[in-house]
Amino acid sequence: MPAHRRFRRLVALVFALLPLVTSGCGLATALLVGAITDAIDGDNDDGGDPTILTILNDGLSTEPIVRVEIARADGAHAPYAYTIDTAPGAGKALKNIFDAGAHWVRVVYASGWRTRARTIDIIKDGTVSMTFLHGPFAPAEMAGTWFGAAETSGGVSQTYALTLDATGQAGARTIDGVAGLATGTLAETSEGVFRVTWSDTTVIALIADGTRDHAGLVTNDGTVGALQKGAVGPLPTGADADVVGAWTGAEVRLTGVTLTPSELDAASATVSAQQHWEGTDGDGDATTGVSPLLVTVPAYLRFEGDAESEAAVALSLSIWLTADRTSAFVRLTPTAGGTFPDADSYQLLRKTP
């Protein structure tokens with residue numbers, strides 16, 4: 001990898017490492033290995049005490065963990081993935097596999113429900129642990145009226161609104177001020193990723209932040225945008241400088257008409273004063289802007305630019321800001337095209353103060 005890209009990746013990771021250790025993940029040192037029901041041994045044994053990362057499934061989880069995915073925060077090694085079968089209340093020890101340092105860790109449960117990536121410092125010759133929880137769905141955390149801007153697959157900008165109640169029922173879907181009669185039901189498909197299935201067969205994915213106040217919107221007919229709980233129209237007028245700054249959050253890939261998460265990762269980006277994008281994800285894969293990010297539809301807080309992946313894939317970079325302009329929903333699309341939504345990656349990012 002060229003040195004300038006390694007430097008940009010490390011700069012972006014500075015912004016990503018600290019804020020994403022979210023609820024549901026515990027960190028402890030010097031756990032008793034005897035408490036772990038199973039182990040995976042590696043060959044990274046230097047003759048000292050074992051270097052151990054333990055993955056614990058909280059006893060209150062509703063199902064087993066079946067997969068763990070781990071990546072070095074500096075991107076110096078290809079991501080690791082292990083198939084495991086860890087029931088609620090049980091754990092898995094990963095011994096002498098990882099070098100010391102910061103790592104991203106995420107797990108997949110038996111139903112396919114994924115956690116977001118969290119960071120942990122692995123200690124040489126020591127033991128650290130992470131506890132993951134997939135508890136019962138709590139729809140009340142998403143309850144409220146959501147409003148923002150979106151764009152259809154045909155390139156038409158519009159306002160978009162919907163209401164979710166505390167039981168997970170959806171209604172009052174309003175597009176450009178026109179209310180529809182369809183109703184829907186909310187489900188959580190991964191940590192912070194939600195699906196609303198409407199009575200008219202429309203399906204939408206909502207990728208929410210940790211406070212559940214901002215969300216990215218993707219619909220099965222190709223509409224994409226950003227919503228904010230409690231926001232009302234009219235939207236402010238966007239300016240180029242609105243995207244300048246450091247951003248952190250999560251990246252998701254969706255598959256099929258059900259908009260099911262196939263990957264869920266950390267993400268971060270910096271946008272320079274010249275509107276130049278530098279992004280990275282939790283696996284260390286970088287994206288670099290090749291044209292300035294400019295506001296193309298100011299009335300709908302939409303920005304656009306061109307970017308390139310680390311593998312030299314040309315990308316179209318689209319961003320919608322929430323009404324308070326503190327959160328951004330990013331769509332990265334190969335300019336060569338591909339199947340929607342599988343070819344795209346989506347990021348919900350929050351501006352670092």
Side-chain angles (χ1 to χ4, degrees), residues 1-20 73-76 104 149 151 155 157 207 209 214 216 224-226 235-253 265-338 343-353:
M1 182 192 307
H4 67 285
R5 281 201 171 175
R6 287 199 299 269
F7 174 76
R8 289 199 298 261
R9 172 187 291 175
L10 290 172
V11 169
L13 281 167
V14 168
F15 297 109
L17 285 174
L18 294 180
L20 292 176
D74 62 6
W104 292 106
E151 183 177 278
S157 293
I207 297 91
D209 62 5
H214 305 83
V224 180
L235 292 166
T237 300
D240 291 341
D242 289 337
V243 293
V244 173
W247 301 82
T248 62
E251 178 179 86
V252 63
R253 287 183 176 272
D265 204 353
S268 64
T270 56
V271 180
S272 71
Q274 293 74 40
Q275 291 92 246
H276 188 80
W277 165 279
E278 296 287 352
T280 191
D281 64 20
D283 287 339
D285 295 327
T287 52
T288 301
V290 296
S291 69
L293 266 169
L294 301 175
V295 60
T296 54
V297 191
Y300 292 87
L301 296 174
R302 186 186 184 282
F303 300 74
E304 190 170 3
D306 295 315
E308 183 181 79
S309 74
E310 195 169 307
V313 175
L315 301 169
S316 174
L317 173 60
S318 302
I319 295 178
W320 293 262
L321 296 185
T322 55
D324 60 8
R325 289 175 280 193
T326 65
S327 293
F329 193 54
V330 180
R331 180 184 185 182
L332 291 161
T333 305
T335 56
D344 299 341
S345 61
Y346 300 95
Q347 299 176 356
L348 181 68
L349 306 178
R350 186 169 182 83
K351 185 178 285 190
T352 303

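Just the heavy atoms: all of them, side chains too, but no hydrogens, waters or symmetry mates, feed the values below. Small disclaimer: the values here were computed from a predicted structure and weren't measured.
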message: Let me confirm one number: the OG1-CG distance from T335 to L317, rounded to the nearest 0.5 Å.
response: 12.0 Å
message: Test your reading of the model: is there a side-chain donor-acceptor pair from E251 to the backbone of D265, 3.5 Å cut-off?
response: no
- line: In terms of heavy-atom contacts, K351 and A241 come closest through NZ-O, 4.5 Å
Taking every non-hydrogen atom, the tightest pair across V290 and H276: N-CE1, 4.3 Å
field: Residue pairs involving residues 315-324 (criterion salt bridge (Lys or Arg N to Asp or Glu O under 4.0 Å); sequence neighbours excluded)
entry: none
statement: Taken in chain and number order and not counting sequence neighbours, the residues that satisfy side chain to side chain donor-acceptor pair (under 3.5 Å) with E151 are R302
statement: Residue set satisfying side chain to side chain donor-acceptor pair (under 3.5 Å) with T287, at least two apart, ordered chain then number -> W277
task: With sequence neighbours excluded, tell me which residues meet side-chain contact (heavy atoms from CB on, under 4.5 Å) with S291.
output: D306
- prompt: With no hydrogens and no angle check, is any side-chain donor or acceptor of D283 less than 3.5 Å from a backbone partner on D285?
  reply: no
message: Considering only residues two or more places apart or on different chains, which pairs with a residue in residues 296-325 satisfy ring-ring contact (aromatic ring centres under 6.0 Å, His included)?
response: none
By ring-ring contact (aromatic ring centres under 6.0 Å, His included) - contacts of F329 (at least two apart): Y346
query: Hey, does V244 have a side-chain heavy atom less than 4.5 Å from the side chain of Q274?
result: no
query: Do you know which two heavy atoms are closest between A269 and L349, and how far apart they sit?
result: CB-CD1, 4.2 Å
statement: Looking only at heavy atoms, the pair that brings P334 and V313 closest together is CB-CG1, 4.5 Å
message: Test of understanding: with salt bridge (charged side-chain N to carboxylate O under 4.0 Å, His left out), list the residues that count as partners of R331, not counting sequence neighbours.
response: D344
- prompt: Say you draw a straight line from OG1 of T280 to CD of E310; how long is it, rounded to the nearest 0.5 Å?
  reply: 7.5 Å
query: Could you give the distance from CH2 (W247) to OG1 (T270), rounded to the nearest 0.5 Å?
result: 12.0 Å
message: Counting C-beta onward and ignoring hydrogens, is there a side-chain heavy-atom pair between L315 and E308 closer than 4.5 Å?
response: no
field: Pairs involving residues 238-249, ordered by first then second residue, that meet salt bridge (Lys or Arg N to Asp or Glu O under 4.0 Å) (sequence neighbours left out)
entry: D242-R325
- request: Could you pull out all residues at least two apart from T237 that satisfy side-chain contact (heavy atoms from CB on, under 4.5 Å)?
  value: P298
task: Output all residues satisfying side chain to side chain donor-acceptor pair (under 3.5 Å) with D209, sequence neighbours left out; order by chain, then residue number.
output: T211, H214
